[in-house]
Amino acid sequence: MTIAPLRHHARAVWSDSRLLYALEEVVETELNRHLKVAKEWMPHEYVPWSDGRDFDGIMGGEAWAPEQSKVTDIGRTALVVNLLTEDNLPSYHHEIAQLFGRDGAWGTWVHRWTAEEGRHGIVMRDYLLTSRAVDPVALERFRMSHMSEGFESDNRHSMLHSVAYVAFQELATRISHRNTGHHSGDPVCDRMLARIATDENLHMVFYRNLLGKAFELAPDQTMAAVRDVVVNFRMPGHGIPGFERAAAQMAIGGIYNLRIHHDDVLQPVLRFLKVLDITGLGPEGLRAQEELGLFMGGLDDQATKFDERRAALLARRAARTEQA
């Protein structure tokens with residue numbers, strides 16, 4: 001089905017409603033592909049229930065202590081950030097349901113995505129509490145504080161910006177979960193997060209392919225949206241209490257930092273869609289493409305400087321440890 005765009009200054013300008021309608025068939029195709037490849041899995045199978053025991057409080061059990069945790073310090077920090085990010089699912093659902101709608105293929109995807117994401121929070125919290133990986137009181141207080149603030153997407157003003165954002169964000173979340181598992185020190189945790197990361201990758205593919213079709217329909221607008229999203233990218237958990245400190249620890253710990261963001265999140269999506277090689281753009285699209293290329297070059301330089309500072313810091317830490 002071909003939907004004619006509006007015309008503005010001799011270039012095609014697509015409204016959100018027209019783009020939503022024009023992309024409906026693509027959403028249906030991608031939804032059907034997703035349902036064929038997505039594997040059913042059960043959160044309870046990834047939780048070491050036999051390790052569980054009562055906590056202090058009304059059950060009169062044992063209070064939590066840091067030495068009970070099987071995960072590393074950096075793993076514990078990242079697990080809390082990752083779970084609190086997942087906890088805001090009600091707000092995320094509200095945002096995308098308002099933006100994409102609840103009817104047709106769009107609505108089916110919105111609800112399916114929400115259901116799949118819900119499993120992530122379920123299994124992570126069950127694992128964390130059963131294995132005593134984190135302080136349960138602090139975790140609940142963080143959750144209450146974070147969710148009480150609510151969530152508003154930086155890209156809620158534009159359907160194209162939102163699609164561009166989640167194409168990168170889903171991959172960023174996959175990488176964060178996967179690296180957290182690798183650095184957790186607990187094979188059970190690693191296996192659980194690998195399962196979650198598989199879902200996140202499928203979500204990324206859905207949005208990435210949708211973004212590719214948007215480039216075909218509205219190349220200038222989509223290029224501008226991608227530039228804006230890449231330049232101003234923030235993880236959805238940025239409102240978590242103490243996020244900046246936790247993010248710095250995760251960066252140094254090799255879970256998520258500028259190098260990972262550049263090499264493993266932004267570059268793969270941009271290369272797959274050949275964003276910097278698209279031709280036939282109008283003045284707005286060309287300007288956005290040039291600015292995107294310049295930004296990526298600058299980000300690569302920043303990542304290199306970060307790598308050098310991180311290596312020096314880790315070397316100093318290793319030297320202090322050896323002396324001790």
_Distance-minimising heavy-atom pair for Glu216 and Pro219_ = O-CD, 4.1 Å
*Taking all non-hydrogen atoms of both residues into account, name the closest pair between Ala167 and Met204 and its distance.*
O-CG, 3.3 Å
*Any side-chain heavy atom of Val163 within less than 4.5 Å of one from Phe100?*
yes
*Within-4.5 Å side-chain heavy-atom neighbours: Leu171 and Pro268*: yes
*Could you grab the distance from atom CG of Asp301 to atom CE of Met296, nearest 0.5 Å is fine?*
11.5 Å
_Determine whether Val265 and Tyr256 satisfy the following criterion, side chain to side chain contact (heavy atoms under 4.5 Å, CB included), listing intermediate values before the conclusion._
CA-CA 10 Å; Val265 176; Tyr256 200 93; 3.4 Å; yes
*Taking the six-membered ring of Phe55 (Phe, Tyr or Trp), confirm whether the NZ or CZ of Arg132 is under 6.0 Å from its centre and within 45° of its axis.*
yes
_Student check: side-chain heavy atoms of Leu266 and His261 closer than 4.5 Å_ = yes
_Can you give me the closest heavy-atom contact between Pro48 and Tyr46, atom names plus distance?_
CD-O, 4.0 Å
*Report yes or no: do His177 and Glu86 form a side-chain donor-acceptor pair below 3.5 Å?*
yes
*Could you go step by step and tell me if Glu30 and Glu25 meet the side chain to side chain contact (heavy atoms under 4.5 Å, CB included) rule?*
CA-CA 9 Å; Glu30 288 302 314; Glu25 291 183 8; over 6 Å; no
*Side-chain heavy atoms under 4.5 angstrom apart, residues restricted to Ile, Leu, Val, Met, Phe, Trp, Tyr: same cluster for Leu258 and Leu313?*
no
*For the side chain of Arg156 and the backbone of Ser153, is there at least one donor-acceptor N/O pair under 3.5 Å apart?*
yes
*Any luck finding a side-chain donor-acceptor pair between Thr304 and Arg259 under 3.5 Å?*
yes
*Transitively linked via ILVMFWY side-chain contacts under 4.5 Å: Phe295 with Leu211?*
yes
*Trp109 vs His34 aromatic rings, parallel, tilted or perpendicular, using cut-offs 30° and 60°?*
perpendicular
_Just verifying a value: how many Å separate Ser148 OG and Arg143 CZ, rounded to the nearest 0.5 Å?_
8.0 Å
*Before giving the answer on side chain to side chain donor-acceptor pair (under 3.5 Å), spell out for Asp51 and Tyr127 the whole-Å C-alpha distance, their side-chain angles and the decisive distance to 0.1 Å.*
CA-CA 10 Å; Asp51 291 348; Tyr127 164 80; over 6 Å; no
Please tabulate, for side-chain N and O atoms in residues 269-282, each donor-acceptor pair with protein atoms closer than 3.5 Å (sequence neighbours left out).
none

*State whether the side chain of Arg310 and the backbone N or O of Ile252 hold a donor-acceptor pair below 3.5 Å, judged by distance alone.*
yes
*Should Tyr165 and Phe233 count as side-chain neighbours, where that means a heavy-atom distance under 4.5 Å?*
yes
*Nearest 0.5 Å, what's the CE-CD1 distance between Met235 and Ile240?*
9.5 Å
*Could you tell me whether the side chain of Asn179 and the main chain of Ile255 form a donor-acceptor pair under 3.5 Å?*
yes
*Distance only, no hydrogens: is a donor on one side chain within 3.5 Å (strictly under) of an acceptor on the other, for Glu170 and Trp113?*
yes
*Do Arg191 and Val188 have side-chain heavy atoms sitting under 4.5 Å apart?*
yes
*Checking Asn88 side chain against Ser91 main chain: does a donor-acceptor pair fall under 3.5 Å?*
no
*Look only at the side chain of Ser69 and the backbone of Arg76, and say whether a donor-acceptor pair between them is shorter than 3.5 Å.*
no
_Could you report the tightest heavy-atom contact between Glu116 and Ala38, atom names first, then the distance?_
OE2-CB, 4.2 Å
*Verify the neighbour count for atom CG of Asp54: are there more than 12 heavy atoms of other residues, nucleotides or ligands below 6.0 Å?*
yes
*If we only count heavy atoms from C-beta on, is the Arg178 to Glu200 side-chain gap below 4.5 Å?*
no
*asked:* I'd like to know if the side chain of Thr180 pairs up with that of Asn82 as donor and acceptor (distance under 3.5 Å, no hydrogens or angles considered).
replied: yes
*List the atom of Thr85, the atom of Val81, and the distance in Å for their closest heavy-atom pair.*
OG1-O, 2.8 Å
*Answer yes or no: is there an ion pair linking Lys305 with Glu308, defined by an N-O contact shorter than 4.0 Å?*
no
*Check whether any side-chain heavy atom of His44 sits under 4.5 Å from a side-chain heavy atom of Trp49, and report yes or no.*
yes
*asked:* Given 3.5 Å as the limit, does a donor-acceptor pair link the side chain of Glu290 with the main chain of Gly285, or not?
replied: no
*Please name all residues satisfying side chain to side chain donor-acceptor pair (under 3.5 Å) with Arg195, sequence neighbours left out, ordered by chain then number.*
Asp199
*Under the criterion side chain to side chain contact (heavy atoms under 4.5 Å, CB included), which of Leu84, Val137, Val134 is the partner of Phe142?*
Leu84
*Just checking, is any N or O donor in the side chain of Asp87 or His146 under 3.5 Å from an acceptor N or O on the other one?*
no
*Should Ile96 and Ser162 count as side-chain neighbours, where that means a heavy-atom distance under 4.5 Å?*
no
*Residue pairs fulfilling salt bridge (Lys or Arg N to Asp or Glu O under 4.0 Å) with at least one residue in residues 227-251, sequence neighbours excluded*: Asp154-Arg234, Arg227-Glu291
*With no hydrogens and no angle check, do the side chains of Glu284 and Gln221 hold a donor and an acceptor under 3.5 Å apart?*
no
_For a side chain to side chain donor-acceptor pair (under 3.5 Å) check, start with the C-alpha distance between Gln169 and Thr173, then their side-chain angles and the critical distance, and finish with the verdict._
CA-CA 6 Å; Gln169 180 266 320; Thr173 304; 2.7 Å; yes
*For Arg141, look at atom CZ and say whether over 12 heavy atoms of other residues, nucleotides or ligands are found less than 6.0 Å away.*
no
*Backbone N or O of Ile74 within a donor-acceptor pair of the Gln249 side chain at under 3.5 Å?*
no
*Backbone N/O of Glu28 and side chain of Asn32: donor-acceptor pair under 3.5 Å*: yes
*Report yes or no: does Trp106 contribute a side-chain atom to a donor-acceptor pair with the main-chain N or O of Val27 at less than 3.5 Å?*
no
*State yes or no: do Leu31 and Leu202 share one hydrophobic cluster built from I, L, V, M, F, W and Y residues joined by side-chain heavy-atom distances below 4.5 Å, directly or via other members?*
no
*Out of curiosity, Leu160 CG to Met223 CE, how far, rounded to the nearest 0.5 Å?*
12.0 Å
*Could you verify whether a donor N or O on one side chain and an acceptor N or O on the other, from His93 and Glu117, lie under 3.5 Å apart?*
no
*Which atom names give the shortest non-hydrogen contact between Gly254 and Ile260, and what distance separates them?*
O-CD1, 3.5 Å
*Would you tell me whether Tyr21 and Asp16 have side-chain atoms, one donor and one acceptor, within less than 3.5 Å of each other?*
no
*In Å and rounded to the nearest 0.5 Å, what is the CG to NE2 distance from Leu99 to His94?*
11.0 Å
_Derivation of the side chain to side chain contact (heavy atoms under 4.5 Å, CB included) call for Leu83 and Leu139_ = CA-CA 9 Å; Leu83 176 56; Leu139 182 65; 3.9 Å; yes
*With the 4.5 Å side-chain cut-off for hydrophobic clustering, are Phe168 and Val231 part of the same group?*
yes
_Rounded to the nearest 0.5 Å, what separates atom CZ in Arg119 from atom OG1 in Thr114?_
12.5 Å
_Thr222 (side chain) donor-acceptor with Ala214 (main chain) under 3.5 angstrom_ = yes
_If hydrophobic clusters are built from ILVMFWY residues whose side chains come within less than 4.5 Å, do Ile122 and Ile196 share one?_
no
